[in-house]
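Computed from a predicted model, the values in this text were never measured in an experiment.
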Amino acid sequence: MSGASETRSPKPGVLNGFEETVKDFWNSRPRRPHSGRKLAGVAAAIGRRYGIDPVVVRIALVVTTIFGGFGVPFYLLGWLFLPGESDEVSGFESLIGRGRSSVSPAFAVVLMILTVVSAGGSITGSWFDGGGLISCALIAAALYLLHRSRGHENRPAPVAARTSYPAFTGNGAFTMTDTAEAPSPARGWDPLAADPAGWDLPDAPPAPEPRPTPPPPPSYQAPQRRPRSKVGSATFALAVVTAGAAVLAGLNGATWFDAQHIVGLVLGVVGIGLVAGAFARGGRGLIGLAIPLAIAGLVLTAAPFKNFDVRGGLGDISPTPQSLAELKPLYQHAAGDINLDLTELPAGAPYSTTVSNGAGNTTVTVPENADVTFDCHTGAGETSCFNRKSDGVGEAALIGTDNGPDGVGGQKITLKVSNNVGDVEVRRD
C-alpha cells in the first residue's frame with residue numbers, strides 16, 4: 001500500500017447537466033432512415049438512435065395523440081427538425097440556408113404551418129383537461145431521459161458537405177503535357193561509356209500475396225432468453241388501482257371523474273409504463289392494453305357519450321311517487337329504462353325533478369292539465385316533449401313550457417330529462 005491517492009477518470013459518455021444534454025441531443029440528433037419508415041421515419045429514427053423498437057415509439061405517439069393530442073405536432077416537429085439519413089441538415093435549417101436537405105423549402109413551410117395549427121389544437125381542444133400540455137411534458141421528459149442514458153450509443157455519423165469536383169489532372173489515356181523540355185541533369189563520367197537513359201532493366205517480380213486464412217466456423221450458441229421485465233406487471237397493477245380509485249371517487253359525487261376522464265387517467269398510466277419500458281427494454285405487453293383504451297377514449301369523446309355518468313343502478317325502474325315526500329329531486333340510472341309517473345302526486349305547491357339516464361329509454365308522464373317547464377335532451381336517439389320532437393345524434397335540447405289543453409292555471413312542474421343514449425319522452429296522462 002503506497003498511500004498515494006488515486007483519481008478516477010469520469011465515465012465516458014456521461015453528460016454533466018441539462019444544458020449539455022440538450023446541446024448534445026441537438027448535435028447528435030436521430031437521422032430519419034430511408035428503410036424501415038412508415039411515413040417520414042421519425043419513429044424509426046428515434047428507435048434506431050436509442051436502441052428501442054420503433055413499434056414502441058409509434059404506439060407511444062398514438063397514445064399521446066389520443067390522450068392529449070400532442071403526438072401529431074411532435075411527429076411534424078421531428079419531420080421538420082430531424083435530418084434525413086443522407087442530408088446535410090434538417091428541412092428547417094435548409095430553409096434558412098444552412099445546407100442541403102431532401103425536404104424542399106416549400107414543404108418545410110407547409111410543415112411549419114401544420115405544426116403550429118396542430119399544436120394549438122392539442123393544447124386548446126384536448127378532450128382531456130390539460131392533456132395537451134401533459135403529453136408534451138411526457139414526450140420531452142422521455143427524450144431527455146433517453147438521451148441522458150443512451151445518448152452515447154448509436155451516434156450518427158455526420159454527412160460531409162458537397163464540395164466542387166477537383167480539376168482534371170490528365171491521368172487518363174490521353175494526357176496533356178507541357179511541351180517545354182525540362183533541363184537534363186548534368187552527366188558524370190561513365191567508365192563503360194554507356195548512356196544511363198538507355199538502360200532497360202527488368203522489374204523485380206512482385207512478392208506473392210499470402211493466402212487469406214479462412215475464418216473459423218462460428219460456434220453455435222443457444223439464444224439467451226431475455227429476462228422478463230417487471231415494468232408491465234407494475235404498470236398494469238397501477239392502472240387497475242387508478243381505475244378503481246377514479247370510479248369510487250365518481251360514485252361518491254366527484255363530478256370530474258366521469259367515463260372520459262377515467263379512461264384518460266388509465267391511458268396516461270399505461271403511456272408512462274410504455275416510456276419506462278423503453279428504458280428497461282420491457283413492457284411491450286402494454287401495447288395490447290393501450291390500443292383498446294385508446295379506442296374507448298375515442299368512442300367516449302363522441303357526442304352521445306360526452307357526459308356519460310357511471311353512477312346509478314342497472315335495469316328497468318318505474319317509480320310512481322304518491323306524495324312530495326316520495327318525489328326525489330334526482331332520478332339517476334346508469335343503464336336501463338326509466339318510467340317515471342307523476343300523475344299520482346297531489347296538486348298543490350310547484351315541484352321539480354331531474355331524470356338522468358346513461359343508456360336506455362326514459363319516459364315521464366305528467367298530469368293532463370299541469371303547466372310543465374321542460375328541458376329534454378338525448379345524445380343519440382329520439383326526443384319527444386309534448387308537441388316538439390327531434391331525432392339524431394348530438395341534437396340540441398328541447399326547452400320550453402307546455403300549459404296543457406286548459407291553458408295556464410294547472411299544477412306547476414319543472415322537468416329536466418337527459419339521456420346519453422336512448423329515447424326521451426315527456427307526455428300527458
Side-chain angles (χ1 to χ4, degrees), residues 18-50 52 54-126 131-147 150-151 154-165 275 278:
F18 176 80
E19 183 179 358
E20 183 180 349
T21 304
V22 174
K23 289 182 178 179
D24 188 71
F25 169 79
W26 179 259
N27 294 330
S28 61
R29 285 167 290 169
R31 289 187 171 271
R32 297 181 288 109
H34 297 302
S35 61
R37 62 166 62 184
K38 299 300 181 183
L39 182 60
V42 176
I46 296 175
R48 294 186 181 184
R49 174 67 175 87
Y50 299 110
I52 305 172
V55 176
V56 176
V57 181
R58 296 185 182 107
I59 293 296
L61 290 176
V62 172
V63 170
T64 53
T65 299
I66 299 173
F67 175 68
F70 201 77
V72 173
F74 173 78
Y75 196 92
L76 294 174
L77 284 173
W79 199 342
L80 187 62
F81 286 98
L82 296 183
E85 194 172 21
S86 58
D87 294 345
E88 297 175 7
V89 293
S90 63
F92 178 80
E93 292 172 298
S94 176
L95 181 63
I96 60 177
R98 294 288 183 86
R100 178 182 56 85
S101 174
S102 58
V103 178
S104 64
F107 190 66
V109 173
V110 173
L111 288 176
M112 292 174 60
I113 296 174
L114 293 177
T115 302
V116 173
V117 173
S118 61
S122 66
I123 294 176
T124 60
S126 174
L133 295 177
I134 294 175
S135 59
C136 175
L138 286 176
I139 292 176
L143 276 180
Y144 177 79
L145 294 176
L146 274 175
H147 197 77
R150 303 184 182 183
N154 305 322
R155 298 180 69 88
V159 177
R162 284 185 178 180
T163 57
S164 58
Y165 292 101
V275 174

May I ask you to test the Val89-Pro83 pair for a side-chain heavy-atom distance under 4.5 Å? no
So which atom in Ser101 and which in Asp87 form the shortest heavy-atom distance, rounded to 0.1 Å? OG-OD2, 3.5 Å
To the closest 0.5 Å, what do you measure between CD1 (Ile46) and CG (Leu61)? 6.5 Å
How about CZ on Arg155, more than 12 heavy atoms from neighbouring residues, nucleotides or ligands closer than 6.0 Å, or not? yes
Is the side chain of Asp24 donor-acceptor paired with the backbone N or O of Glu20 at a distance under 3.5 Å, no angle test? no
Which is it for Met112 and Leu80 under the side-chain contact (heavy atoms from CB on, under 4.5 Å) test, yes or no, and what are the steps along the way? CA-CA 7 Å; Met112 292 174 60; Leu80 187 62; 3.5 Å; yes
Per the salt bridge (charged side-chain N to carboxylate O under 4.0 Å, His left out) rule, what does the pair list look like for residues 28-46, sequence neighbours excluded? Arg29-Glu93
Minimum heavy-atom distance Val103-Ser94, with the two atoms named: O-OG, 4.4 Å
Are side-chain heavy atoms of Arg49 and His147 found at a separation under 4.5 Å? yes
Main-chain N/O of Ala40 paired with Tyr75 side-chain donor or acceptor, under 3.5 Å: yes
Arg58 versus Ala44, closest heavy-atom pair with distance: NH2-CB, 4.3 Å
Ignoring hydrogens, what is the shortest heavy-atom contact between Trp79 and Val42? Give both atom names and the distance. N-CG2, 3.6 Å
Yes or no on side-chain contact (heavy atoms from CB on, under 4.5 Å) for Phe74 and Leu143, after CA distance, side-chain angles and deciding distance? CA-CA 11 Å; Phe74 173 78; Leu143 276 180; 3.6 Å; yes
Does a side-chain heavy-atom distance below 4.5 Å link Phe107 with Leu111? yes
Indicate the atoms forming the closest heavy-atom contact of Ala45 with Pro30, along with that distance. O-CB, 3.5 Å
Restricting to non-hydrogen atoms, name the atom on Pro156 and the atom on Ser28 that form the minimum distance, rounded to 0.1 Å. CD-O, 3.9 Å
By ring-ring contact (aromatic ring centres under 6.0 Å, His included), Phe92 pairs with (sequence neighbours left out) Phe81
